[in-house]
Amino acid sequence: MTDQTATSSSDGQSLTVRDNRTGQDYELPIVDGTIRGSDLAKIKAGDDGPALAVFDPGFINTASCRSAITYIDGDQGVLEYRGYPIEQLAEKSNYLEVAYLLVHGELPNKEQSDTWVHEITYHTFVHENVKTFMQGFRYDAHPMGMLLASVGALSTFYPESSNITDAGNRHMQIVRLIAKMPTLGAWAFRHAQGKPYVYPDNDLGYAANFLAMLFRMSEQRFEADERLIRALEVLFILHADHEQNCSTNAVRSVGSSQVDPYSAMTAGIAALYGPLHGGANEAVLRMLRRIGSIDKVPEFIEGVKAGKERLMGFGHRVYKNYDPRAKIIKQAAEDVFAVTGVNPLLKIAVELEKIALEDEYFVKRRLYPNVDFYSGLIYEALSFPPEMFTVLFAIPRTSGWLAQWLELVDDSDQKIARPKQIYTGPRKLDYVSCQERGG
Ligand code: CMC
């Protein structure tokens, strides 16, 4: 290979590759700082030889799409939605406006905003049979499992959603999903507590209504503290999108089969459920509780360095710097603790962060706190059990998943997702009947 530098987009840039098996040179165009897999496939060891491919488990260095939704600079710790810095959106915007921005590509004007908020609010209720369906879960069902199944079930209530080529139809499903996620999430929460499900209050804003569906008992109207509503809005904004992460990739991968958006969203929820993705904040809380006190922190860190376990809430595939969301969350935590009182686990978290940020193991690997390190502490202060944390991630991420799904559906470059494999198993064996195999 004579030139390994893949620079940014510019006409006429290319990469010259020599195949030392054949001595042949190939010139591969560089577009947007990438080479096309299909161009690499032109390289073969002989006319009939297999096409050269890239082995890249976990897509470490493989772009799966062109996207205009979310920009991340992991080295600098930068996150932007549609070009707007996350810090400004968290400070000045609200979740539904950010959802509009992600889905439509630009901030709404007053009229667009009013229509959007009205549409979302109008669709917060779910069919009564969805309620019956949810009530069928075991008393101790994990709320993420309930959410996953319920969102999948929604496709059966809206069979027209399979017509994904119709823009109006797509818009209706997007509105329904963003509107109904808090209802389903809140009901999954109430279920575990054996409490009656609370219907949406459409006079309340998005986050305020969600809190009311979670916590209302016999009062006529549940009015949460404004500071808590705002903190939840901020958390929702921070979690709304994060480009091609595991769950978004799952939505895009399943969506590439042209299935309805409810089914594609279900794939995203399933991916988010995992402890290395959205389940990490739940894992952080369990970890902090297990450590128990500040004096146990050094011993715990030694265990992590010895490879016994991971420091949950640390490290990120993309951020090799402080996750910008973690900084904002730290501030939100202070706002919430001002209302609820300080979570005693905070001290352990702060000590862990302090030691880890100075320790060579973490410094060398560029492991910094990610969004999940402090979010669990806030959720716990808001009276959520750890099982609910991932639900609180899935609700706002819905707008990001849908924006990505919409972009996929409209992208003529996209094809059904179908990675290659390197086959390592046996071949051309002769079948032997069970009797002859003995044993
Ligand atoms: N604690 C200890 N060591 C770690 C950690 C950690 N949290 N994360 C990475 N490492 C080490 C890892 O052992 C490896 O070391 P070595 O080179 O000696 O083998 C090195 O750092 C690189 O790790 P990796 O697993 O190759 O990195 P990755 O990009 O594949 O993994 C990650 C990213 C987020 C899965 C990982 O950092 C991790 O497991 N973190 C803990 C779970 C967590 O907090 N997840 C939430 C991610 S943010 C929310 C979201 O976007 O979903």
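Just so you know, ligand 1 is whichever comes first in the structure, and atom 1 is the first atom listed for that ligand.
Protein heavy atom nearest atom 48 (S) of ligand 1, with residue, atom name and distance: His316 CD2, 3.4 Å. The protein heavy atom nearest to atom 34 (C) of ligand 1 is Gly315 O, 3.7 Å. Of the protein's non-hydrogen atoms, the one nearest atom 42 (C) of ligand 1 is Met312 CE, 3.5 Å. Of the protein's non-hydrogen atoms, the one nearest atom 2 (C) of ligand 1 is Val304 CG1, 3.5 Å. The protein heavy atom nearest to atom 17 (O) of ligand 1 is Arg365 NE, 3.9 Å. Of the protein's heavy atoms, His277 ND1, 3.5 Å lies nearest to atom 50 (C) of ligand 1. In this structure, the protein non-hydrogen atom closest to atom 7 (N) of ligand 1 is Leu311 O, 2.8 Å. Looking only at heavy atoms of the protein, atom 40 (N) of ligand 1 is closest to Phe314 O, 2.9 Å.
Looking at Lys364, His239, Arg317, Lys308 and measuring to atom 30 (O) of ligand 1, the nearest heavy atom belongs to Arg317. Considering Val371, Leu272, Leu367, Thr390 only, the shortest heavy-atom separation from atom 8 (N) of ligand 1 involves Leu367.
Here's the thing with Arg310: one of its N/O atoms is less than 3.5 angstrom from an N/O atom of ligand 1. Backbone and side-chain nitrogen or oxygen atoms of Ala280 are examined, and none is located within less than 3.5 angstrom of a nitrogen or oxygen of ligand 1. Between Arg325 and ligand 1, no pair of N/O atoms sits closer than 3.5 Å. Where the criterion is an N or O separation shorter than 3.5 Å, residue side chain and backbone included, Phe362 fails it with respect to ligand 1. Taking distance alone, with nitrogen or oxygen atoms compared against 3.5 Å, His242 stays at or beyond that limit from ligand 1.
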Test side-chain hydrogen bond (donor to acceptor under 3.5 Å, both in side chains) applied to Thr124 and Asn202, step by step: CA-CA 8 Å; Thr124 49; Asn202 286 349; 2.7 Å; yes
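Between the side chains of His104 and Gln112, no donor-acceptor pair of N or O atoms lies under 3.5 Å. Side chains of Gln404 and Gln244: a donor-acceptor N/O pair is present below 3.5 angstrom, by distance only. Residues Thr70 and Glu80 have side chains that never bring a donor and an acceptor to within less than 3.5 angstrom of each other.
For an aromatic pair to be called close, the ring centres must be under 6.0 Å apart, and His242 with His277 fails this. The aromatic ring centroids of Phe189 and Tyr197 lie 6.0 Å or more from each other. Between Tyr100 and Tyr95, the gap from one ring centroid to the other reaches at least 6.0 Å. Checked against a 6.0 Å centroid threshold, the rings of Phe373 and Phe314 count as neighbours.
With Tyr361 as the aromatic partner, Arg365 meets the cation-pi criteria of under 6.0 angstrom to the ring centre and within 45 degrees of the ring axis. Cation-pi geometry between Arg18 and Tyr26 is not met at under 6.0 angstrom from the ring centre and within 45 degrees of the axis.
For atom 10 (N) of ligand 1, a protein heavy-atom neighbour is present inside the 4.0 Å cut-off. Within a 4.0 Å radius of atom 22 (C) of ligand 1, the protein contributes no heavy atom. There is no protein heavy atom less than 4.0 angstrom from atom 26 (O) of ligand 1. The presence of a protein heavy atom under 4.0 Å from atom 52 (O) of ligand 1 is confirmed.
Remark: of the listed residues Tyr374, Tyr273, Tyr379, Tyr379 is the sole one forming a ring pair (Phe, Tyr, Trp, His ring centres under 6.0 Å) with Phe389.
Applying the 4.0 Å criterion to heavy atoms of Gly313 picks out, from ligand 1, the atoms 43 (C), 44 (O).
Residue-ligand proximity: Tyr361 is placed with a non-hydrogen atom under 4.0 Å from ligand 1. Heavy-atom distances between Asn245 and ligand 1 stay at or above 4.0 Å for every pair.
The side chain of Asp372, and not its backbone, has at least one atom closer than 4.0 Å to an atom of ligand 1 (non-hydrogen atoms only; side chain from C-beta on).
Aromatic ring orientation, Tyr158 versus Tyr262: parallel (interplanar angle below 30°, classes split at 30° and 60°). Ring planes of Tyr199 and Trp187: perpendicular class, angle over 60° (limits at 30 and 60°).
Here Arg216 does not pair with Glu223 in a salt bridge; the nearest charged N to carboxylate O distance is not below 4.0 Å.
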